[in-house]
Structure formats: C-alpha cells, structure tokens
Amino acid sequence: MLYFLGVLIAIGAGVVFGIMGLLTIWGGLQSLRTEIARDYVRTSASSSTRMTTLLLVGLPLIITGIFGLLAAGRLFQVGLGLS
C-alpha cells in the first residue's frame, strides 16, 4: 500500500515539476519577445545592452526550465521503477 502511495506521489511531483519547467520556459520566452523588446524600442538600447539583457534574463530562465524538466524526468523514472 505504501509503495503505491509513493509511486503516486513521485508521478504527481514529476507532473508538477514538468509543468513548472515548461511554464518557466514559455513565460521567459514571452517576456523576452514582448516586454523586453518594448523597452528596447522605447529606450533605443544599443546592441551590447540587448545582448547583456538576453544573457542575464534569458539564460537563467532557460537553465531553470531545463532543471525542472530534468527533475520531472528523474521523478518519473523513480515512480515507474526505471532507475
């Protein structure tokens, strides 16, 4: 009985981590395309400012999203007994 409860918890946590990873990546890309681009036009930002913003905003968002997806995959493996 406890084994099945653990499996359900691991699979549920995997689903949550996967959704949060995908939402982080999606929200970050939306923000980079709309909000930050609007500020570039408004302030007439230089190319070095644009690249710095892309690295300092986009890179942590992508890394966080990828870690969420990797954690989801690992939790699915544990839940299904594949590891």
- Note on the structure: Rounded to the nearest 0.5 Å, the CD1 atom of I19 sits from the CG atom of L69 at a distance of 11.0 Å
- First locate atom CZ of F4, then atom CD1 of I9, and finally report the distance between them rounded to the nearest 0.5 Å. 14.0 Å
Donor-acceptor contacts, no H, no angles, side chain residues 28-35, under 3.5 Å, sequence neighbours left out:
unit_1, atom_1, unit_2, atom_2, d
Q30, OE1, R33, NH2, 2.3
T34, OG1, Q30, O, 2.7
E35, OE1, R38, NH1, 3.4
E35, OE2, R38, NH1, 3.4

Output side-chain donor-acceptor pairs under 3.5 Å for residues 10-18, partner residues at least two apart or in another chain, one line each.
none

- Item | Of all pairs that satisfy side chain to side chain donor-acceptor pair (under 3.5 Å), the ones with a partner from residues 48-57, not counting sequence neighbours | S46-S48, S46-T49
- Where at least one partner belongs to residues 14-29, residue pairs that pass salt bridge (Lys or Arg N to Asp or Glu O under 4.0 Å), sequence neighbours excluded: none
Not counting sequence neighbours, which residues clear side chain to side chain contact (heavy atoms under 4.5 Å, CB included) with [X]? List them please.
| X | answer |
| --- | --- |
| L82 | Q77, L80 |
| I63 | L59, F67 |
| I62 | I25, I66 |

- Shared ILVMFWY cluster between V78 and V7, side chains joined below 4.5 angstrom? no
- Query: Under a 4.5 Å side-chain heavy-atom rule over Ile, Leu, Val, Met, Phe, Trp and Tyr, are F76 and Y3 clustered together?
  - Reply: yes
